[in-house]
Every structure is written in structure tokens, then in C-alpha cells.
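A note on names: the letters A, B, ... follow the listed sequences, proteins ahead of strands, and every chain is numbered from 1. The figures here come from the full heavy-atom set of this structure, side chains too, leaving out hydrogens, waters and symmetry mates.
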There are 2 protein chains.
Amino acid sequence: MRADARRNRERVLKAAEEMFAEQGIAVPLDEIARRAGVGAGTVYRHFPTKEALFEAVIAGRVEALLADTDRLLADEDPGTAFFHFFDHKVRQASLNKALSDALEASRGVRYGSPRTHESFWRLVDDLLAGAQRAGAVRPDLDRDDVRALMVGCIRAVDQVTDPAKVDHLIQVMTDGMRVKHV
Amino acid sequence: MRADARRNRERVLKAAEEMFAEQGIAVPLDEIARRAGVGAGTVYRHFPTKEALFEAVIAGRVEALLADTDRLLADEDPGTAFFHFFDHKVRQASLNKALSDALEASRGVRYGSPRTHESFWRLVDDLLAGAQRAGAVRPDLDRDDVRALMVGCIRAVDQVTDPAKVDHLIQVMTDGMRVKHV
DNA sequence: GAAGATACGGAACGCGCGCCCCGGTTGTCA
DNA sequence: TGACAACCGGGGCGCGCGTTCCGTATCTTC
């Protein structure tokens with residue numbers, strides 16, 4: 001692979017990451033190319049289709065989340081770990097339209113690359129099971145419920161701008177997932 | 001107004017209601033025209049723009065909801081009334097992509113016609129205030145929070161198909177809005 | 001430093017959709 | 001029933017965007 005080709009590939013990925021984050025998958029490919037300082041043709045030489053580029057970006061972001069999370073979870077009890085993860089994911093997605101678009105579309109389709117998809121959902125399963133065993137999360141929730149609630153929470157948070165409101169909404173939504181001590 | 005013009009106007013509205021419900025605002029206008037059995041020009045003679053047609057449809061649906069709700073609320077305590085309304089609205093919107101699109105976009109813009117917009121949000125205010133006075137809904141929620149949570153709940157419900165799951169998700173989300181008796 | 005392979009840019013194409021226009025048709029009223 | 005106004009259909013325009021193509025520039029290798 002020629003040196004300039006590799007350099008351009010990097011530039012395209014970086015520009016795509018930024019623009020997808022700001023505007024979601026709806027951003028025109030020409031703008032990504034322009035931001036990267038290359039022509040549209042160059043983008044297509046490195047990624048066969050716009051969706052492939054999007055998927056590559058998502059895979060990178062999910063890997064970053066997984067790395068963060070591993071670090072985050074070492075020393076927390078299962079309940080806190082689960083809710084930290086949920087909170088973290090919602091905030092990440094609300095700052096990054098690419099991630100919310102991808103998660104919303106992820107019913108039935110891959111979330112990033114096959115590897116990140118697998119890792120991500122296994123992590124959700126593990127966190128959920130732990131939190132449920134610890135009595136922190138209601139036992140009648142499964143992975144799909146958590147996915148749906150994540151999407152819902154992200155979309156709710158999208159509706160407000162005030163950071164205090166964001167905290168508040170996440171609080172309300174996660175409260176519904178806790179077991180009730182009446 | 002000529003008789004055939006009025007008839008066509010009705011047909012267009014009916015077709016638009018059906019197609020917007022099924023596919024949201026994204027449905028091409030030509031398809032609405034085809035379903036109505038008229039040409040695209042005819043649609044534009046009755047509604048100056050696609051958005052105006054959409055708004056007219058939404059206004060109709062919101063009026064229907066308001067009528068339903070008035071009947072529903074006469075004999076219920078304020079807490080039940082609020083949660084019935086929330087549940088009803090979420091289910092209505094999840095069956096009708098037009099309504100969820102409109103509600104999601106309603107931050108800062110009209111929800112249907114000026115009149116339905118006003119009536120709808122006044123109803124939300126009244127129900128919310130009543131339920132909070134009765135101690136059924138946490139006092140730190142306002143109209144905007146409720147709007148955001150409605151949108152979130154609708155999007156969460158969109159993610160599943162099983163009706164039992166739908167009930168379950170609405171349950172979880174509304175639980176978070178109740179006051180906690182610990 | 002020349003030749004060949006590789007990569008580049010951006011013009012061009014196809015497509016879908018909102019919206020406009022005009023030749024023909026249909027309803028209305030005397 | 002005739003004449004005029006109102007209305008109709010659908011072809012066409014403009015635009016945005018994903019994708020492709022090809023003449024040109026750049027890198028690599030000997």
C-alpha cells in the first residue's frame with residue numbers, strides 16, 4: 001500500500017468520525033471528503049460504500065467504550081457498574097449522533113463490526129446478570145429490554161439541552177429499572 | 001367550491017392519514033396522490049406544501065386524542081388519569097409514525113394546528129399538576145420532561161414488536177415517574 | 001531519472017422526491 | 001345546452017446525494 005494512500009485513509013476516517021458524530025449518518029459523503037481534503041472517489045477507493053465507512057467508525061467508537069468500561073468496572077459493585085455503564089453509554093450516544101443512529105438501527109443488524117457487536121452485547125448481558133443477582137435491577141428485564149430502554153433514554157435526552165435536565169431524565173429512567181423496596 | 005374538489009380534498013386527507021400513519025412523514029407525496037386516486041397537482045391545489053398536509057393530518061389526530069381523553073378522565077383519580085393518558089398517547093404514537101415524528105419534532109414548533117397545540121399542552125399541564133398534587137407523580141417533573149419522556153418511551157416501544165414487551169416497557173418507564181415510597 | 005503501477009480529484013450519471021405548469025376535462029349556472 | 005370558470009392529471013424541472021469513471025498526478029522501483 002502506497003504511503004499517500006495510507007495517509008488518506010487515515011484522514012478520511014478521522015473526518016468521518018467527526019462529521020458522523022456531529023450530524024449522524026445523514027451527512028453527505030461529499031462533505032466528509034471535503035473535510036478530509038480529498039475527492040469523493042478517494043473515499044470510495046478505501047470504503048466500498050458509505051455504510052461500510054459508517055460501520056468502520058462505529059466499530060472504533062464501540063471499542064473505545066469497551067476499553068473505558070473495562071477500566072471503570074474493576075472496582076464497583078454490580079449494581080453501580082450496570083447503572084454507570086448505562087449512564088455512560090447514553091451520554092456518549094447523546095454527544096454522538098452516529099452512535100445513537102447505529103444503536104437505534106441495531107435491531108437485527110450488526111452494531112459496528114461483528115467483533116464489537118459480539119463484545120458489546122456480551123458485556124451488557126454480564127452487567128445485567130450481575131446487577132440482577134445483586135438485587136439492584138428488576139429481574140424481569142432482558143438484553144432486548146435494556147437495548148430498547150437505552151434507545152428510549154437517548155432519544156429522551158436528545159429532546160433537552162440543559163445538562164441538569166439530562167441528569168434528571170437519566171435519573172427518572174433508571175429509577176424505573178431498579179427493584180422497588182416498598 | 002366545486003363538488004369534485006371537495007370530494008378530492010377528502011380523499012387526499014384520508015389517504016395521507018393512512019400513509020403517514022404507516023410510514024411517517026418520509027412517505028413520498030406521489031404515493032399519497034396515487035392512493036387517493038388523484039394526481040400530484042391536485043394535492044398541491046388543496047395543500048400548499050407537503051408539510052401543510054402533514055400538519056392537517058396531525059391536527060386531526062390530536063383532536064381525536066383530546067376527545068378520547070376528555071371522556072376517559074371524567075371519573076378517574078388524578079394519578080390514574082395522568083398515567084392512562086401517557087399510556088394512551090404512547091400507544092397511539094407507536095401505531096402511527098406520523099404522530100411520533102410530529103411529537104419528536106415538536107420542540108419549538110407547533111404540534112398540529114395552533115389550536116390543537118395549545119389544547120394538547122394545556123391538557124398535559126393539567127393532568128401533570130393534578131397527579132403531582134395527588135402525590136402520584138414525582139414533583140420535580142415539568143411539561144418538558146414529560147414531553148421528553150413521552151418521546152423516549154415511544155422510541156423504546158418502537159424497538160420491540162411483542163405486545164407483552166410493550167406493556168412491560170411502558171411499565172418500567174412510568175415507574176420512574178412515580179413518587180417513591182421507600 | 002525514467003517507466004510502470006497505483007492513487008487522486010472532481011465531473012458526470014442515475015435516482016428519488018418536492019413542487020410547478022399546462023393542455024385537456026368536468027362541473028355549474030343561465 | 002352552451003359557455004365559462006374551476007379543476008384535474010401527470011410530465012417535467014431543480015436539487016441533493018450515492019456512486020462511478022477517467023484523464024492526470026504521484027509514488028515506487030530499477
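- In this structure, B:Asp4 atom CG and C:dG27 atom C1' are separated by 6 Å, rounded to whole Å.
- Not one side-chain nitrogen or oxygen of A:Thr49 sits closer than 4.0 Å to the OP1 or OP2 atom of D:dG18.
- Note on B:Arg91 versus B:Asp87: salt bridge recorded, some NZ/NE/NH1/NH2 to OD/OE distance being below 4.0 Å.
- For C:dT6, its base sits under 3.5 Å from the side chain of A:Arg2 at one donor and acceptor pair at least.
- Among the nucleotides C:dG18, D:dC8, D:dT19, the one closest to any side-chain atom of B:Leu29 is C:dG18.
- Phosphate contact (OP1/OP2 of D:dC7, side-chain N/O of B:Asn8, threshold under 4.0 Å): absent.
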For residues 9-27 of chain B, run the donor-acceptor check on the side chains, cut-off 3.5 Å, and write out each pair with its distance to 0.1 Å, sequence neighbours left out.
residue: B:Glu18; atom: OE1; partner: B:Arg35; partner atom: NE; Å: 3.2
residue: B:Glu18; atom: OE1; partner: B:Arg35; partner atom: NH2; Å: 3.4
residue: B:Glu22; atom: OE2; partner: B:Arg35; partner atom: NH2; Å: 3.1

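- Of the side-chain N and O atoms in A:His46, one or more sit less than 4.0 angstrom from OP1 or OP2 of C:dC8.
- Taking atom CZ of residue B:Arg9 and atom C1' of nucleotide D:dC8, one finds them 17 Å apart after rounding to whole Å.
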B:Arg155 vs B:Asp158, salt bridge (charged side-chain N to carboxylate O under 4.0 Å, His left out): CA-CA, chis, key distance, verdict: CA-CA 5 Å; B:Arg155 291 307 176 197; B:Asp158 276 353; 3.0 Å; yes

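- As a whole-Å value, the separation of B:Arg45 CZ from C:dC21 C1' is 10 Å.
- A salt bridge is absent between A:Asp144 and B:Lys165: the closest approach of a Lys/Arg side-chain nitrogen to an acidic carboxylate oxygen does not fall below 4.0 angstrom.
- At a threshold of 4.0 angstrom between heavy atoms, the contacts of B:Ala5 are confined to the sugar-phosphate backbone, with no base atom among them.
- Rounded to an integer number of Å, the gap from A:Ile32 CD1 to C:dG9 C1' is 17 Å.
- Between the CD atom of A:Glu51 and the P atom of D:dC17 there is a distance of 17 Å, rounded to whole Å.
- The distance from atom CZ of B:Arg11 to atom P of D:dC7 is 16 Å, rounded to the nearest whole Å.
- Put simply, CZ on A:Arg34 is 11 Å from P on D:dC17, counting in whole angstrom units.
- Using a 4.0 Å heavy-atom criterion, one finds that A:Ala3 contacts the sugar-phosphate atoms exclusively.
- Remark on DNA chain C: of its neighbouring residues B:Gly41 and B:Arg7, the 5'-side contact belongs to B:Gly41, judged by nearest-heavy-atom nucleotide.
- At least one side-chain nitrogen or oxygen of A:Thr42 sits closer than 4.0 Å to the OP1 or OP2 atom of C:dG9.
- The CE atom of A:Met1 sits 7 Å away from the P atom of C:dA7 (whole-angstrom rounding).
- When distances run from any side-chain atom of A:Lys50 to the nucleotides D:dG9, D:dG18, D:dC8, the shortest one goes to D:dG18.
- Regarding contacts with the backbone of C:dC19, a side-chain N or O of B:Tyr44 is found under 4.0 angstrom from either OP1 or OP2.
- In this structure, A:Arg147 is not positioned above the aromatic face of A:Tyr111 in the sense of NZ or CZ being under 6.0 Å from the six-membered ring centre and within 45° of the axis.
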